[in-house]
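Read the structure below first, then the notes.
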Amino acid sequence: QPPPDSTPGGTSPTVPPGGTAKYKPGYRKSWAVLIGINEYQQWPKLQYAVNDARAIEKLVRGLGFDEVIMVLDREATQQRILRVLGDELYAKTQDDDRVFIFFAGHGQTQDLPNAGKDGYIIPVDGDLNNYYSTAISMQQLQRAHVLRHGCLLLRVAPAIPWRLAR
């Protein structure tokens, strides 16, 4: 049985004077990339995606994440998202870092000729019909080098009708 001051899995929280536990899971550095899009150029506008990203920001900062990168609304272009995930994080992170990626916005699936499907997240400048060239595929996200110790949480509309914040 673990000691009473440890958490399941063996990590021990560090409790600062304020009383909020900050977990030290053994990673060198913890990164969060939080993307929220309400004001789409071509897709229907959303109400809560940016607020959800900001609520997650408070959560990860409270958990002691070292670096939090916010990409909101008009900043959340395909080029900017891919630059952050593929170029910037690859250059800045190391093998013993962890990366948490949160996306709140539109998502879409596209039928493939072999009866499969491709999934996409839709950036602010994504086209309504040309997903391959204007959206970001799940394969692109999986290939991102930063996911070696990572977690991807998608909150896509309208498939998941929940809100973290208003």
Looking at every non-hydrogen atom in both residues, tell me the closest pair between [X] and [Y] and how far apart they are.
X	Y	value
Asp73	Glu39	OD1-N, 2.9 Å
Ala49	Ala104	CB-O, 3.4 Å
Trp43	His106	CB-CD2, 3.6 Å
Gln78	Pro123	N-CB, 3.4 Å

- Message: Is the shortest side-chain heavy-atom distance between Tyr132 and Asp118 below 4.5 Å?
- Response: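 Heavy-atom side-chain distance check fails, nothing below 4.5 Å.
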- Task: For residues Gln94 and Lys29, determine if any side-chain heavy atom of one lies less than 4.5 Å from a side-chain heavy atom of the other.
- Result: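 Result no, sub-4.5 Å side-chain heavy-atom pair not found.
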- Query: For Lys58, does the NZ atom sit with more than 12 other heavy atoms under 6.0 Å from it, leaving out its own atoms?
  - Reply: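 Count not over threshold, so no.
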- Message: Atom CZ of residue position Arg74 - does it have more than 12 heavy atoms of other residues, nucleotides or ligands inside 6.0 Å?
- Response: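 Atom CZ in Arg74 is not crowded, with 12 or fewer foreign heavy atoms closer than 6.0 Å.
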- Return the set of residues passing side chain to side chain donor-acceptor pair (under 3.5 Å) with Asn129 (not counting sequence neighbours), or none when no residue passes.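 Result, side chain to side chain donor-acceptor pair (under 3.5 Å) vs Asn129: none returned.
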- Given Arg28, which of Asp97, Asp66, Asp95 fulfils the salt bridge (charged side-chain N to carboxylate O under 4.0 Å, His left out) condition?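 Running salt bridge (charged side-chain N to carboxylate O under 4.0 Å, His left out) over Asp97, Asp66, Asp95 with Arg28 returns exactly one hit, Asp97.
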- Could you walk me through whether Lys45 and Asn38 pass the side-chain contact (heavy atoms from CB on, under 4.5 Å) check? CA-CA 5 Å; Lys45 303 215 183 300; Asn38 287 340; 5.9 Å; no
Atom [atom1] of [X] and atom [atom2] of [Y]: how far apart are they, to the nearest 0.5 Å?
X	Y	atom1	atom2	answer
Leu141	Phe103	CG	CZ	9.0 Å
Ile122	Leu128	CD1	CG	8.5 Å
Arg98	Thr93	CZ	OG1	13.5 Å
Ile35	Leu85	CD1	CG	5.5 Å
Tyr131	Gln108	OH	CD	3.5 Å
Trp31	Lys92	CH2	NZ	5.5 Å

- Taking the six-membered ring for Trp, are Phe102 and Phe100 parallel (under 30°), tilted (30 to 60°) or perpendicular (over 60°)?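 Parallel, since the angle between the ring planes stays under 30°.
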- Message: Any side-chain to backbone donor/acceptor pair from Asn130 onto Ser133? Under 3.5 Å, distance only.
- Response: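 Pair absent, no side-chain N/O of Asn130 close to backbone of Ser133.
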- Say whether, by atom type as modelled, one donor and one acceptor occur between the side chain of Asp125 and the main chain of Gln41 under 3.5 angstrom.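 Absent.
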- Looking at Val124, Ile37, Thr134, which one forms a side-chain contact (heavy atoms from CB on, under 4.5 Å) with Thr77?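 By the side-chain contact (heavy atoms from CB on, under 4.5 Å) criterion, Thr77 pairs with just one of Val124, Ile37, Thr134: Val124.
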